[in-house]
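The structure presented is a predicted model; accordingly, all values stated were derived computationally and were not measured.
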Amino acid sequence: MNAMPAEKLDPGCMEELAALLGDRFTTSQAVRDHHGQGEAYHTPASPLAVAFPHSTEEVQAVVKICAAHKMPVIPYGAGTSLEGQTLATHGGITLDMTQMDNILRVSAEDLDCTVQPGVTREQLNTDLRDTGLFFPIDPGANASIGGMTGTRASGTNAVRYGTMRENVLGLTVVLANGEVIKTGGRALKSSAGYDLTRVFVGSEGSLGVITEITLRLYGIPEAISSAVCAFPGLEEAVNTCILTIQTGVPVARIELVDDITIQAMINYSKLEGFEPKTYLFFEFHGSEASVKEQAETVEMYAKEYGGSDFRWTAKAEERNKMWKARHDVHFANKAMRPSNQQGMATDVCVPISRLAECIMETKRDMEASGRRAGFVGHVGDGNFHTGVAADYSDPDERAAAFAFHERLVKRALAMGGTCTGEHGIGSGKMKYMEMEHGAGAVEAMRALKRTFDPDNIMNPGKVVEI
């Protein structure tokens, strides 16, 4: 059974939620509108109300009330998602998890911690600093751990440390009927039954509400060094990246920034010492000796492909400035666009051996379609982005932008890749699910959704349509 249209639901649901949460439950239009829009081109869709729980028990109580009234429930973190994951496309109640922001436990000896979903990655790493540990997953934005878990986030460090899939050890989840379950645990390996933790990591709130996350932590490296290198073009930079990965250099980050994007970064972040060329940004972790060896090896590879102006630094302030500029690329590109345009942040990922081919074919397609947009990406794991800027209120521009995006997705899939390396499906990429996985696999996902959420109240209209 599908959830009823929200505007037809029994107002008693709203009264019960207001009685439960008091002033932490609001129908304010401004608050609703804030929670009904994302960072990209999607049409805003506001919830009927917004709830701010403080505990698993309160989430459980909210979900039970909503389940009784067939009211949709949309989990919300920092609001940095790019594929419409937090839009109330079927109406309902948004569960804003930002006030569930406690770090519940840190075990330095076991290299793990447990946090509530509203904890942000920057907050966590600030708290961990005195323990000599850090959490490496870095999608750029100061995203919440709950949101990162829900979208199976990755980012700049994934080439060395993996994604959220590899770094979430266990979860506490409130199911659609209000039942609370725990998945996984603190052991580093287990063969005990189905891996429910991996089912919920990347489920985007469509199977249940995550209220606690146990994470793997790492020791802060003895030495960290960053480097930049300029290249004649995209192909030379990507080939340097491929050689670096294939020869086993344990690089922590390799980020591609093309000439268009670097110009936007120069303007927005006031970067000095850069020209409008294609660059690779590197980061190396390890001992003083190993970091030096890694940097020298990569410099040698870069020179083979015409790389020049190779600069590396171990100074924290210089490294932080460089990576802050890289993380602000979304806003730098946004500042370059006319005010009537929005961006579609693509994020295909392909096997590393096909990366140069995919990027160059996409660049040629872009030029042939009369578009001008930059390329940027976590190329160490085959993931890259190009913005599709358009006036999405104009039917012709919208159609042309979506046609370009579909060609990009089909190109990546034909090369053994995926339509989304890290942004997730949300409502924006559901139409590509069958194209990537096949009808049988998508129907299996629907069966899973129906099992966990028979009334389709958990973030309906995301990942798979019921």
Side-chain angles (χ1 to χ4, degrees), residues 34-46 74-89 94 97-98 120-121 137-156 158 163-165 201-206 255-257 261 264 268 326-337 341-349 362 373-378 381 383-392 398 401-402 404-406 408-409 412 417-433 436 459 461-463:
H34 172 76
H35 288 80
Q37 56 188 343
E39 286 284 345
Y41 64 93
H42 304 87
T43 303
S46 299
I74 305 98
Y76 184 98
T80 57
S81 60
L82 292 168
E83 288 298 344
Q85 281 92 344
T86 59
L87 303 184
T89 54
T94 289
M97 311 298 281
T98 55
T120 67
R121 66 171 187 87
I137 308 305
D138 181 3
N142 187 24
S144 68
I145 300 298
M148 291 167 63
T149 303
T151 57
R152 200 185 297 127
S154 54
T156 58
T163 72
M164 290 299 285
R165 180 182 64 188
V201 174
S203 65
E204 302 183 12
S206 65
E255 295 293 302
L256 172 73
V257 180
T261 305
Y268 184 84
R326 166 61 186 90
H327 289 330
D328 285 345
V329 159
H330 174 74
F331 302 106
N333 286 331
K334 186 176 180 179
M336 296 281 281
R337 294 196 302 262
Q341 290 190 351
Q342 292 174 298
M344 180 192 299
T346 67
D347 70 322
V348 298
C349 186
T362 303
F375 286 78
V376 63
H378 318 307
D381 50 18
N383 183 199
F384 73 92
H385 315 278
T386 183
V388 187
D391 178 356
Y392 286 88
R398 185 181 182 89
F402 274 91
F404 172 84
H405 184 227
E406 185 155 320
L408 171 58
V409 168
T418 175
C419 68
T420 173
E422 58 184 358
H423 295 164
I425 295 298
S427 58
K429 287 183 175 168
M430 284 197 299
K431 67 178 182 178
Y432 301 126
M433 289 289 279
E436 178 167 338
N459 207 7
K462 316 295 165 56
V463 187

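- Between Lys334 and Tyr268, the closest side-chain pair of non-hydrogen atoms is not below 4.5 Å.
- Contacts of Ser206 classified as side chain to side chain donor-acceptor pair (under 3.5 Å), with partners at least two apart in sequence or in another chain: none.
- Heavy-atom minimum distance, Leu87 versus Thr43: CD1-O, 3.5 Å.
- Side-chain contact between His35 and Thr86 is absent, with no heavy-atom pair separated by less than 4.5 Å.
- Among residues two or more places apart in sequence or in another chain, the salt bridge (Lys or Arg N to Asp or Glu O under 4.0 Å) test is passed with Asp391 by none.
- Judged as a ring pair (Phe, Tyr, Trp, His ring centres under 6.0 Å), and not counting sequence neighbours, the contacts of His378 are His385.
- Listed here is the closest heavy atom pair of Gly205 and Pro75: CA-CG, 4.0 Å.
- The side-chain contact (heavy atoms from CB on, under 4.5 Å) test with Thr420 is passed by exactly one of Asp347, Leu82, Thr346: Asp347.
- Residues Phe404 and Thr362 have side chains in contact (heavy-atom distance under 4.5 Å, counting atoms from C-beta outward).
- A distance of 10.5 Å separates CE of Met148 from CD of Glu422, quoted to the nearest 0.5 Å.
- Here His42 contributes atom NE2 and Tyr392 contributes atom OH; the two are 9.0 Å apart, rounded to the nearest 0.5 Å.
- Electrostatic pairing of Glu204 and Lys462 does not count as a salt bridge here, judged by no charged N lying under 4.0 Å from a carboxylate O.
- Residues Thr261 and Phe375 are not in side-chain contact: their nearest non-hydrogen atoms beyond the backbone lie 4.5 Å or more apart.
- Lys429 NZ to Cys419 SG: the interatomic distance, rounded to the nearest 0.5 Å, is 5.5 Å.
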